[in-house]
There are 2 protein chains.
Amino acid sequence: MQERGGVQGRPEPAGTETGPVGPHVVRFVTARTVLAALRRGGPFTVSELVELTGLTRATVIAVCEDLVRRGWAEEQDPERTGPQRGRPPRTFGFRADAGVVVGLDVGAHKTTALVTDLRGDILSTASGDLPRGARTAQARLDVVSGVALAALRDAGREPRHVLAVGVGVAAPVDRNGHVAAGSDFWEMFDVGLAAALFDRHGWHVLLENDANLAALAEQWRGAAQGLDDVAVLLAGERLGAGIIESGRLLHGRNGAAGELAFLRLVDGAVGPHGIAQLAREWGAEAAAQPTGLAGLAPSEVTAEAVFTAAEDGDAAAAAVLVRLEDRMARVIAVLSTLLNPELVVLGGAIAPAAARLLPGIRAALPDLTETPAEIEVSGLGGEAVALGAIRRALDDVAERSLAIALPDVG
Amino acid sequence: MQERGGVQGRPEPAGTETGPVGPHVVRFVTARTVLAALRRGGPFTVSELVELTGLTRATVIAVCEDLVRRGWAEEQDPERTGPQRGRPPRTFGFRADAGVVVGLDVGAHKTTALVTDLRGDILSTASGDLPRGARTAQARLDVVSGVALAALRDAGREPRHVLAVGVGVAAPVDRNGHVAAGSDFWEMFDVGLAAALFDRHGWHVLLENDANLAALAEQWRGAAQGLDDVAVLLAGERLGAGIIESGRLLHGRNGAAGELAFLRLVDGAVGPHGIAQLAREWGAEAAAQPTGLAGLAPSEVTAEAVFTAAEDGDAAAAAVLVRLEDRMARVIAVLSTLLNPELVVLGGAIAPAAARLLPGIRAALPDLTETPAEIEVSGLGGEAVALGAIRRALDDVAERSLAIALPDVG
DNA sequence: CGAGCTATATTTAGATTCTAAATTATCTCT
DNA sequence: AGAGATAATTTAGAATCTAAATATAGCTCG
């Protein structure tokens with residue numbers, strides 16, 4: 001299949017690739033090595049880079065000058081801390097401002113955009129709601145495009161400065177960035193979005209499942225930093241898991257890996273409903289009882305209302321929470337057993353209330369699995385998915401770095 | 001932790017590695033490319049290799065002569081099929097006899113060994129039983145070592161010809177080839193086996209979970225050929241899954257990924273017992289009834305007996321099969337939902353009877369998950385794990401090829 | 001204030017490896 | 001035997017690395 005817009009997907013495994021090789025390949029590798037070092041930390045003196053990369057001094061300097069010429073690095077005045085001996089060293093740093101990336105969280109009703117520099121430092125945020133009624137793909141595209149442009153403007157950058165765009169949607173997305181066939185109206189969004197953003201602005205678009213992006217975010221800057229085997233449960237209207245195994249996101253054949261909403265064990269052990277809906281249902285049941293949930297009318301029962309009532313000591317609401325704990329524990333048990341992650345992070349709409357559920361879940365887990373994962377609540381708030389989209393975009397930029405021609409930046 | 005014996009684990013992701021580079025790296029890459037082509041097919045003429053690899057004729061010849069000198073390839077007389085014009089081409093082929101690999105399936109009672117050449121063509125088989133009573137690690141090591149040596153002798157090769165040994169055990173094994181702490185006596189087997197086989201014979205040992213190896217085998221030569229997202233259910237006394245996602249085996253943090261035996265959903269949806277035990281239990285229940293399972297005494301109820309009785313039209317036995325179908329369907333539903341494989345292969349002791357369960361499982365699955373996988377029964381028989389061990393060993397050899405000094409082969 | 005010290009930068013020589021182009025070799029067919 | 005075809009081999013050129021030799025810039029101290 002021809003990709004259009006953002007070319008997604010992975011490079012061939014090394015050693016199998018075909019095509020001409022030559023000494024220039026060596027330069028490509030060394031440049032990538034040096035750039036990776038600069039990106040991680042820096043600025044570094046040449047001597048430090050020699051130490052870090054194992055390359056010769058002459059090589060490091062040549063490569064750095066190459067990178068400066070190409071816009072990825074800059075030579076900086078050596079910071080002179082205290083007296084020093086010897087000839088002053090040249091220092092080079094990564095140009096985090098050589099471009100920007102955009103992270104988009106495209107929800108059913110709301111779209112959030114984040115713009116960051118190439119280190120991932122946030123430059124601006126924007127969001128917009130989809131006007132009620134206008135839920136066509138076209139209307140959606142316009143909102144998404146508009147929100148991205150607004151955030152860009154806010155960051156003082158232009159569309160041509162965007163090196164990659166990560167996009168999270170609440171639908172299965174396969175390894176190649178395609179929405180699985182048959183997943184409601186998101187499907188039409190698939191090719192449409194990547195193509196539209198490419199046509200309008202020339203952007204590389206990386207489409208990905210929202211829970212997967214939340215997992216990337218937790219691993220990058222959240223509760224799962226540094227862990228290579230993690231799952232993130234995004235619980236709200238939907239219930240989805242983003243799974244990282246050995247540092248890589250799991251997609252499955254059609255991108256439906258982790259789509260727990262699809263799990264139906266008929267006896268009710270684990271069900272298809274999102275946590276929010278369950279809270280509503282069970283809360284409504286409770287409200288209908290004489291003991292009922294602080295006198296709420298059934299129509300007033302929302303997930304938030306139930307959590308609040310429980311917080312206020314309402315017994316019926318507390319009972320609902322117990323049932324929620326039980327269900328979450330079962331889901332986490334399945335995850336623990338099948339994938340043996342080191343940590344499961346609870347995120348999504350449930351996050352604010354999850355701390356309250358945590359002790360119950362932790363207590364129930366050892367009875368359900370022999371390899372219980374640690375459990376933590378996400379601290380990233382509502383920006384987790386957009387942040388993960390940034391991470392995805394940055395990874396893409398890093399991978400393509402030396403093939404990208406940078407825009408002139410003022 | 002210091003590795004001893006077989007160094008297991010993966011290379012650094014390209015681009016992050018450190019150390020001196022130079023033009024010789026280019027030769028390393030080209031040599032690997034050519035060798036990979038030869039390994040896949042061959043023998044090839046130089047012109048074919050030029051086509052296959054994208055390298056220049058001069059380069060291909062230089063690399064091939066290098067590989068011949070190092071023992072990995074051999075120049076062959078061009079097969080002259082029909083009249084041909086022009087100067088006869090030089091042809092090179094992979095030396096599948098440059099060494100051998102050993103695949104071991106170390107079960108609780110029985111150890112099976114396979115010896116193959118470097119293409120994976122089987123040269124010999126051997127097996128041995130663990131003497132009852134002597135279940136110490138030492139006794140086990142002696143049996144394993146003895147079986148491997150017997151198979152080698154049978155293949156007419158010597159221990160020094162062994163380039164790698166794959167070993168499958170019925171326990172969680174992490175990415176680094178270590179048995180998870182706390183998994184009964186297998187634990188002591190971990191370091192012991194790799195170290196012992198290395199000390200005695202200098203072999204590189206790759207330890208891996210048996211279900212994982214079965215998955216490799218199915219993907220290589222079984223029902224899952226060419227598929228990148230597959231799960232293999234090894235059902236017998238234990239219940240374990242080997243999961244391949246995007247072409248890679250899943251291990252999880254401690255190697256316990258897929259250890260379904262550890263899953264306990266208390267309401268019985270999915271349970272800890274192996275299929276064989278369930279058949280016994282349920283069969284015993286049925287036998288205790290007046291209608292009872294062809295008059296078997298409870299002590300005579302084995303999994304095989306139940307399957308046989310059902311085959312003979314016994315109603316109680318058939319009912320047991322229905323319950324088995326139900327349970328298998330639930331397990332496969334969980335796998336399908338969480339990991340979205342393209343195919344689930346049923347293997348292990350249940351395989352001979354699984355064809356009979358298949359229609360029932362297939363019928364139940366769509367009600368349990370929205371992303372049902374295809375289901376097939378393994379056709380590899382009892383050698384699946386040993387064959388997967390061979391595949392694992394071959395992969396290791398391929399990865400290390402150009403760093404391995406080959407033994408002189410007569 | 002200049003000599004010496006130190007850490008670093010720069011230059012040079014040498015080795016390896018690739019590609020591309022020119023040359024040579026070997027076989028078949030007429 | 002010669003023409004034609006296909007492939008091997010040789011040669012020249014360019015890129016890149018390492019290692020070693022040389023040059024430089026700032027500090028320190030007599």
Side-chain angles (χ1 to χ4, degrees), chain A residues 14-15 17-35 37 43-70 73 75-92 402, chain B residues 15 17-35 37 43-70 73 75-93 402:
Chain A
E17 72 273 33
T18 199
V21 262
H24 58 276
V25 171
V26 175
R27 170 53 63 94
F28 184 86
V29 171
T30 55
R32 207 170 46 170
T33 306
V34 171
L35 188 54
F44 292 119
T45 69
V46 172
S47 297
E48 287 167 333
L49 286 172
V50 166
E51 177 76 16
L52 252 44
T53 63
L55 300 167
T56 309
R57 176 169 239 96
T59 304
V60 168
I61 290 178
V63 167
C64 281
E65 286 176 343
D66 227 34
L67 290 173
V68 169
R69 206 172 310 123
R70 300 219 246 158
E75 186 160 6
Q76 297 172 326
D77 290 335
E79 37 183 304
R80 327 210 14 185
T81 91
Q84 52 186 191
R85 306 133 111 54
R87 178 171 177 170
R90 297 174 68 175
T91 63
F92 292 89
L402 300 177
Chain B
E17 73 273 33
T18 201
V21 262
H24 57 275
V25 170
V26 175
R27 170 53 64 94
F28 184 85
V29 172
T30 54
R32 206 170 46 170
T33 306
V34 171
L35 188 54
F44 291 119
T45 69
V46 172
S47 297
E48 286 167 333
L49 287 172
V50 167
E51 177 76 16
L52 251 45
T53 62
L55 300 168
T56 308
R57 176 168 238 97
T59 304
V60 168
I61 290 177
V63 168
C64 281
E65 286 175 345
D66 229 33
L67 290 173
V68 169
R69 206 173 309 122
R70 299 221 245 158
E75 186 161 5
Q76 299 171 324
D77 290 334
E79 37 182 305
R80 327 208 16 187
T81 91
Q84 52 187 190
R85 307 133 108 54
R87 179 170 177 168
R90 296 174 70 175
T91 63
F92 293 89
L402 300 177

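In the text below, chain A, chain B and the rest are named by the order of the sequence lines, each starting its count at 1.
- By the 4.5 Å heavy-atom criterion applied to side chains, A:Phe44 and A:Thr91 are not counted as neighbours.
- Using a 4.5 Å heavy-atom threshold, the side chains of A:Leu49 and A:Arg57 count as separate.
- Proximity of B:Leu35 to B:Leu402: side-chain heavy atoms (C-beta onward) are separated by under 4.5 Å at one or more points.
- For the helix from C:dC1-D:dG30 to C:dT30-D:dA1, the rotation axes defined at the first and last 5 base pairs enclose an angle of 20°, given to the nearest 10°.
- In this structure, B:Leu67 and B:Phe92 have side chains that are not in contact, with every pair of non-hydrogen atoms separated by 4.5 Å or more.
- Of all non-hydrogen atoms in A:Arg27 and A:Ala62, the two that sit nearest each other are NH2-CB, 3.6 Å.
- One interatomic measurement links the two molecules: CZ of B:Phe92 to C1' of D:dA8, which rounds to 11 Å at whole-angstrom precision.
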Quick tally for nucleotides 6-17 of chain C: nucleotides whose base has a protein heavy atom under 4.0 Å get B, sugar-phosphate-only ones S, the rest -, giving BBBBBB----BB

| said: Walk me through whether B:Arg90 and B:Glu65 qualify under salt bridge (charged side-chain N to carboxylate O under 4.0 Å, His left out). | reply: CA-CA 11 Å; B:Arg90 296 174 70 175; B:Glu65 286 175 345; 3.0 Å; yes

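- Between A:Thr59 and A:Val63 there is a side-chain heavy-atom pair separated by less than 4.5 Å.
- Side-chain contact between A:Val34 and A:Leu55 is present, with heavy atoms from C-beta onward closer than 4.5 Å.
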